[in-house]
Amino acid sequence: MVSRIVYWLAVVLCVVKFCGGVELTFELPDSARECFHQEIKKNTSATLEFQVVTGGQYDVDVTLEDPKKEIIYRQVKSQFDTHTFTAAVTGVYVVCFSNEFSTFSHKLVYMDFQVGDEAPLPGVGEHVTVMTQMESSSQEIHRSLTTILDHQTHHRLREAQGRKRAEDLNERVMWWSIMETIAILCIAIGQVFVLKNFFSEKKPSQMLNSM
C-alpha cells in the first residue's frame, strides 16, 4: 500500500515538472526585437501569457503571426496580457516582442506559451474501468500542484517587479540626497565667506584710499 502511494506521488511530481509548454524569462535589449517560433496543429488550443518584469515603463509591443503571416494578435506598449486562440491551420506560429520604441532601457520579459491540453497522468486515462480512489486522489493532487506552481510563478514575478521598483526608488532617493547635501555644503561655505567679509577689519591704508 505504501509503495503504491509513493508510486503515484512520484508520477504526479514528474508530470508537473515535465509537462508540455514553453515558459521562459528573457532579456529584451533597447531597440531590439525577439521572436519565438512554435509549431501548432490545426484546431489545437493555445494560450500566450506575458508580463514585463523590469525595465523602463514596464511595456513592450507584442505580435502573434500565423503560418500565413497574418497577425492574429497585437498589443502596443502593454505591461501584461493573456491571449487564448485556436489554430486555424497547421504550421509554425511566431510571437514577437519588440522594444524598438525604447532607446536606452532594457526589459526583462516573462513568457508562457502553452499549446494543447495538459498531458494526463500516465496510466490513469488508459483504461475504461472506473478510476480507483488512489487514481482520483492522484489526479486531484496533480491539479492542485499545477495550480500552486502557477500561483508561485505569478508571485515571483510580482516580487521581482516590486523589488526592482524599490531599488530604482532607492537609487533616485540616494542621488537626490547627495545633490541636496552638496547644495547645503555650497550654501554653508558661501555664507561663511560672506559673513567673514562683513566682520573683517579694513587696514588704515585701505581706509585712506577709500576717503
Examine K77 relative to F101 and say whether NZ or CZ is less than 6.0 Å from the centre of the six-membered ring and inside a 45° cone about the ring axis. yes

Considering all heavy atoms of both residues, which atom of D30 and which atom of H106 are nearest to each other, and what is their separation? OD1-CE1, 2.8 Å

Applying salt bridge (charged side-chain N to carboxylate O under 4.0 Å, His left out) to D61 and not counting sequence neighbours gives none

Taking every heavy atom of K41 against every heavy atom of A87, the minimum-distance pair comes out as O-CB, 3.4 Å

Approximate separation, where rounding is to 0.5 Å, of Y58 OH and S105 OG: 10.5 Å

Out of curiosity, does L24 fall in the hydrophobic cluster containing V92 (side-chain heavy atoms, cut-off under 4.5 Å, transitive links)? no

Contacts table for residues 172-196: side-chain donor-acceptor under 3.5 angstrom, sequence neighbours left out:
from: W176; atom 1: NE1; to: E180; atom 2: OE2; distance (Å): 2.9
from: S177; atom 1: OG; to: V173; atom 2: O; distance (Å): 2.8
from: T181; atom 1: OG1; to: S177; atom 2: O; distance (Å): 2.8

Do V115 and V89 share a hydrophobic cluster (ILVMFWY, side-chain heavy atoms under 4.5 Å, transitive)? yes

Check whether S31 reaches the backbone of S102 with its side chain - one donor and one acceptor, N or O, closer than 3.5 Å. yes

Would you say V53 and V109 make side-chain contact, with heavy atoms under 4.5 Å? no

Do D112 and F50 have side chains that get closer than 4.5 Å, going by heavy atoms? no

Between N99 (side chain) and P29 (backbone), is there a donor-acceptor pair under 3.5 Å? yes

Check for a donor-acceptor pair, side chain of T90 on one end and backbone N or O of K42 on the other, with a separation under 3.5 Å. yes

Minimum heavy-atom distance between A88 and Y93, given as atom pair plus value: N-OH, 3.4 Å

Approximate separation, where rounding is to 0.5 Å, of C35 SG and E65 CD: 7.5 Å

Supply the atom-to-atom distance Q51 CD to M111 CE, rounded to the nearest 0.5 angstrom. 14.0 Å

Partner residues of D81 under the salt bridge (charged side-chain N to carboxylate O under 4.0 Å, His left out) criterion, sequence neighbours left out: none

For C96 and V94, which heavy atoms make the closest approach, and how far apart are they? SG-CG1, 3.7 Å

Chi angles and distances behind the side chain to side chain donor-acceptor pair (under 3.5 Å) call for T84, T47: CA-CA 4 Å; T84 302; T47 300; 3.2 Å; yes

Taking the side chain as everything from C-beta on, heavy atoms only, tell me whether L64 gets closer than 4.5 Å to F85. yes

If you round to the nearest 0.5 Å, how far is CG of D59 from CD of Q75? 11.5 Å

Going from CZ on F36 to CG on L48, what distance comes out if it is rounded to the nearest 0.5 angstrom? 10.5 Å

What pair of heavy atoms forms the shortest contact from E49 to T82, and how long is it? CG-OG1, 3.5 Å

Can I71 be reached from V76 by stepping across I, L, V, M, F, W or Y side chains whose heavy atoms are under 4.5 Å apart? no

As an exercise, state the distance from CG of N170 to CZ of R163, rounded to the nearest 0.5 Å. 13.5 Å

Might you confirm whether atom CZ of R74 has over 12 heavy atoms from other residues, nucleotides or ligands at distances under 6.0 Å? no

Quick one: closest heavy-atom pair of Q57 and Q79, and the distance? O-NE2, 3.6 Å

Just wondering, do L28 and V60 contact through their side chains at under 4.5 Å, heavy atoms? yes

What do you reckon, are the aromatic ring centroids of F97 and F26 less than 6.0 Å apart? yes

Close side-chain approach of V52 and F80, heavy atoms under 4.5 Å: no

